[in-house]
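Before any comments, here is the structure.
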Amino acid sequence: MTNKSKRRIHNTLLIIAVIFILIWCIFPFYWAIISSLKPNLELFDPNPTFWPKNPTFSNYVKVFQERPFHVNIWNSIVVSGITTLTTLIFGSFAGYAIARLHMKGKAIVMSLILAVSMFPQISILGSLFVILRKLGFINTYQGLILPYVAITLPLTTWILQNFFRDLPKEIEEAAAIDGCSRLRTLFQIVFPMSAPGLVATGLLTFITAWNEFLFAFTFMQKPDYYTVPVAIAMFAGRSQYEQPWGQLMAAAVIVTVPLVTLVLIFQNRIIAGLSSGAVKG
């Protein structure tokens with residue numbers, strides 16, 4: 001077998017593998033979309049089809065008419081947005097300090113940062129609930145924002161310190177010679193150059209906070225304070241024997257499309273941010 005034939009076989013197998021992975025990843029979302037467009041009779045048809053026979057948007061209408069889903073979306077936007085902003089602020093300063101400042105025990109600090117993120121959420125749930133209840137933060141935005149910042153800050157700091165470390169020091173040194181303070185250099189030079197890393201970590205933080213369920217389910221005990229994952233989990237039919245699958249699929253599509261759109265818009269910056277430092281010149 002010639003090298004050309006081997007290359008063709010290799011490329012063919014690679015294409016088949018990529019197609020299989022795409023189908024494996026995309027098909028559940030496709031099935032959610034078509035299920036959200038099907039009436040109840042088609043949803044429970046013993047012979048399901050891959051496209052609705054009588055498409056309808058009634059499930060999308062019912063999601064907002066029969067429950068305060070718009071309030072749940074707003075709760076998720078507020079909590080995820082503030083979490084992302086707060087995490088980026090603290091993570092940027094912490095990451096830059098670790099990457100640039102000369103201090104003893106830097107490796108120990110980074111090990112501790114990673115060690116904090118290794119604790120499973122369920123192991124700290126009880127004690128965290130007691131703390132938040134004493135602070136009066138149950139059923140409040142800050143009752144979710146504080147834990148979310150705590151669980152996302154280690155990853156943010158780790159990614160950003162790696163990104164800052166790979167930025168050329170000569171630019172900062174030139175700014176210092178021109179009279180720029182370290183803080184001014186940070187805001188006018190370092191942060192703009194670090195846009196890919198900031199976008200990547202910010203989007204990862206937003207997605208983590210948007211999809212988090214355990215803390216939101218425990219600390220938000222009133223329907224008006226539910227975030228999107230909790231609200232969807234609490235969807236109920238008209239009786240205990242009925243499950244509104246069409247509305248569940250419609251709600252899942254509503255909350256997933258914005259995330260997919262953000263990833264597609266910022267995909268270049270995400271790749272640049274996550275791959276920073278992978279190749280050394």
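Values reported hereafter were calculated over all heavy atoms of this structure, with side chains retained and with hydrogens, waters and symmetry mates removed. Counting from 1, the numbers follow the sequence of the chain as shown.
- Using a 4.5 Å heavy-atom cutoff, the side chains of I159 and L204 are in contact.
- Using modelled atom types, one side-chain atom of Y30 and one backbone atom of F50 make a donor-acceptor pair closer than 3.5 Å.
- At least one cation-pi condition fails for R100 and F164: the charged atom is not both under 6.0 angstrom from the six-membered ring centre and inside a 45 degree cone around its axis.
- One hydrophobic cluster holds both I89 and L160 under the rule that ILVMFWY side chains link at heavy-atom gaps under 4.5 Å.
- Annotation: side chain of F215 is in contact with side chain of I151 (closest heavy-atom distance under 4.5 Å).
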Notebook entry, point to check: Between V230 and M220, is a side chain to side chain contact (heavy atoms under 4.5 Å, CB included) present by the stated rule, with each step listed?
Noted result: CA-CA 9 Å; V230 179; M220 295 297 191; 6.0 Å; no

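- There is no path of hydrophobic side-chain contacts, each under 4.5 Å, that joins I254 to V260.
- For the 3.5 Å distance criterion, the side chains of Q161 and Y96 fail to qualify, holding no donor opposite an acceptor.
- E42 and P52 make their closest contact through OE1-CA, 3.5 Å (heavy atoms, listed as atom of the first residue, atom of the second, distance).
- P196 places a side-chain heavy atom less than 4.5 Å from the side chain of F163.
- The heavy-atom pair separating K222 from N139 by the smallest distance is N-OD1, 3.3 Å.
- Between the side chain of T256 and the backbone N or O of V253 there is no donor-acceptor pair closer than 3.5 Å.
- At least one side-chain heavy atom of F93 sits under 4.5 Å from a side-chain heavy atom of L186.
- With a 4.5 Å cut-off on side-chain heavy atoms, I232 and F213 do not count as touching.
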Legend entry - L132 and L128: CA distance, side-chain angles, deciding distance, side chain to side chain contact (heavy atoms under 4.5 Å, CB included) verdict: CA-CA 6 Å; L132 293 176; L128 193 57; 4.2 Å; yes

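- With a 6.0 Å radius and a threshold of 12 heavy atoms from other residues, nucleotides or ligands, I108 has its CD1 atom at or below the threshold.
- Panel note: side chain S76, backbone I73; no donor-acceptor pair is recorded below 3.5 Å.
- Side chain of N72 to main chain of V228: no donor-acceptor pair is present (N/O by atom type, distance under 3.5 Å, no hydrogens or angles).
- Although no hydrogens or angles enter the test, the distance criterion places a donor-acceptor pair under 3.5 Å between the side chain of S127 and the main chain of I124.
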| task | Evaluate the side chain to side chain contact (heavy atoms under 4.5 Å, CB included) criterion for residues F217 and M234: first the C-alpha distance (whole Å), next the side-chain angles of each, then the deciding distance (0.1 Å), finally the verdict. | result | CA-CA 10 Å; F217 180 72; M234 301 299 287; 4.1 Å; yes

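- Side-chain atoms of S80 come within 3.5 Å of backbone N or O of W210 as a donor-acceptor pair.
- Using modelled atom types, one finds a donor on one side chain and an acceptor on the other under 3.5 Å when comparing T87 with T152.
- Within 6.0 Å of OH in Y225 there are 12 or fewer heavy atoms belonging to other residues, nucleotides or ligands.
- Y141 is not listed as a side-chain neighbour of L144, based on a closest heavy-atom distance of 4.5 Å or more.
- By the 6.0 Å contact criterion, CZ on F29 is enclosed, its count of non-hydrogen atoms from other residues, nucleotides or ligands being greater than 12.
- Under the 4.5 Å side-chain heavy-atom criterion for grouping Ile, Leu, Val, Met, Phe, Trp and Tyr, V61 is not connected to I34 through any hydrophobic cluster.
- Nearest heavy-atom pair, V63 versus A250, reported as atom, atom and distance to 0.1 Å: CG2-CB, 4.0 Å.
- Residues T205 and Y148 are not in side-chain contact: their nearest non-hydrogen atoms beyond the backbone lie 4.5 Å or more apart.
- Shortest non-hydrogen contact noted between I189 and A175 is CD1-CB, 3.5 Å.
- Using modelled atom types and a 3.5 Å distance limit, the side chains of N11 and R8 yield no donor-acceptor pair.
- Using a 4.5 Å cut-off between side-chain heavy atoms of Ile, Leu, Val, Met, Phe, Trp and Tyr, with links allowed through other members, W31 and F44 fall into different hydrophobic clusters.
- No donor-acceptor pair closer than 3.5 Å links the side chain of Q121 to the backbone N or O of L125.
- Distance alone, capped at 3.5 Å, places no donor-acceptor pair between the E172 side chain and the T185 backbone.
- In terms of heavy atoms, G91 sits closest to T157 at CA-OG1, 3.8 Å.
- Within the 4.5 Å cutoff, the side chain of R67 has heavy atoms near those of the Q247 side chain.
- Of the possible polar contacts, one joining the T140 side chain to the G143 backbone as a donor-acceptor pair under 3.5 Å is found.
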Working for side chain to side chain contact (heavy atoms under 4.5 Å, CB included), residues L41 and N54 | CA-CA 10 Å; L41 291 177; N54 301 299; over 6 Å; no

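- One hydrophobic cluster holds both I26 and V18 under the rule that ILVMFWY side chains link at heavy-atom gaps under 4.5 Å.
- At least one donor-acceptor pair closer than 3.5 Å links the side chain of N59 to the backbone N or O of K38.
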